[in-house]
Each structure stands twice: as C-alpha cells, then as structure tokens.
Amino acid sequence: MHARIGPACLLRRGVVCQTCVDVCDARALRYDMRGGGAGEVRLNQDACTGCGDCLPVCPVGAIALQGGDDA
Ligand code: SF4
Ligand code: SF4
C-alpha cells in the first residue's frame, strides 16, 4: 500500500499547502515548486510505508491509499 495524491490537492488550484509533507515521518512526501504555479507534492513510493498518517490531515481529502506490494 502506498499513498496517492489525487486531483483535489489544493496545489493544483494554486493554493499553497504542505500539510501532508509535514506529517510524513518517512519523508516520502516532498514539496516541489519547480513545476511552476503553487508547486506540487511528489510522492516517493519506495519510501512510503502506507501508514496513512497523511490522509486525515489533508483539508480536502485528496490523499488515498492504494495498491499492494505488487502495485
Ligand atoms: S502513507 Fe505515511 S509514509 Fe506514506 S506518504 Fe502518507 S504519511 Fe508518508
Ligand atoms: S495536504 Fe492535501 S491539499 Fe495539502 S498538499 Fe497535501 S495533498 Fe495537497
């Protein structure tokens, strides 16, 4: 299992947010502003433990867990 950030993420609407990055102890989420606009949060699937800590903190519920070991 790993997290997946969906299209509801506020960054896609130009609203700055890094709440999920701050709670990820595994440092699987990284804020990247190189794409322009408000930037985006990138997920390192290899680092993600699937702990789910980032799901409840997202103000718009943009994050979900998906997949298994073979995903
Ligand atoms: S599920 Fe856990 S490890 Fe994966 S991105 Fe969210 S907080 Fe980080
Ligand atoms: S907490 Fe939600 S809205 Fe904020 S950057 Fe993460 S996925 Fe996007």
Side-chain angles (χ1 to χ4, degrees):
M1 297 282 279
H2 58 81
R4 189 180 76 84
I5 299 175
C9 175
L10 291 173
L11 292 168
R12 301 230 185 149
R13 292 184 237 160
V15 179
V16 175
C17 179
Q18 299 185 48
T19 306
C20 54
V21 177
D22 292 340
V23 301
C24 181
D25 289 336
R27 302 197 176 194
L29 295 168
R30 190 171 295 271
Y31 177 70
D32 183 352
M33 62 182 295
R34 287 175 295 182
E40 64 181 307
V41 171
R42 296 186 185 278
L43 171 73
N44 179 345
Q45 288 189 8
D46 292 334
C48 177
T49 64
C51 69
D53 286 354
C54 55
L55 273 63
V57 301
C58 177
V60 292
I63 310 175
L65 290 178
Q66 71 169 27
D69 291 340
D70 58 351

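Sequence positions, counted from 1, serve as the residue numbers for this chain. Keep in mind that this is a model prediction, so the values were computed, not measured. Numbering of ligands and ligand atoms starts at 1, following listing order.
- Per-residue contacts place L43 under 4.0 angstrom from the following atoms of ligand 1 (heavy atoms of the residue considered): 5 (S).
- The two residues C20 and L29 come nearest to each other via the heavy atoms O-CD1, 3.4 Å.
- Closest of all the heavy-atom pairs between G52 and L65 is CA-CD1, 4.2 Å.
- The two residues Y31 and V21 come nearest to each other via the heavy atoms N-CG2, 4.1 Å.
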Would you be so kind as to tabulate the donor-acceptor pairs closer than 3.5 Å made by side chains of residues 4-15, with sequence neighbours excluded?
{"residue": "R4", "atom": "NE", "partner": "Q66", "partner atom": "OE1", "Å": "3.1"}
{"residue": "R13", "atom": "NH2", "partner": "A8", "partner atom": "O", "Å": "3.3"}

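- A distance of 11.0 Å separates CG of D25 from SG of C54, quoted to the nearest 0.5 Å.
- Of all protein heavy atoms, the one closest to atom 8 (Fe) of ligand 1 is C24 SG, 2.3 Å.
- Shown here are the side-chain contact (heavy atoms from CB on, under 4.5 Å) partners of A47, two or more places apart in sequence or in another chain: A28, N44.
- When A26, C51, A64 are ranked by how near their heavy atoms come to atom 7 (S) of ligand 1, first place goes to C51.
- No continuous path of ILVMFWY side-chain contacts below 4.5 Å connects L43 to V60, so the two sit in separate hydrophobic clusters.
- Tally of protein N, O or S atoms closer to atom 6 (Fe) of ligand 2 than 2.8 Å: 1.
- Numbered from 1 in the order shown, with element, the atoms of ligand 1 that lie under 4.0 Å from a heavy atom of G52 read 1 (S), 2 (Fe).
- For ligand 1, the atoms lying closer than 4.0 Å to a non-hydrogen atom of C48 are 1 (S), 3 (S), 4 (Fe), 5 (S).
- Partners of E40 under the side-chain contact (heavy atoms from CB on, under 4.5 Å) rule, at least two apart in sequence or in another chain, are R42.
- Proximity of V23 to ligand 1 is not established, as no heavy-atom distance is less than 4.0 Å.
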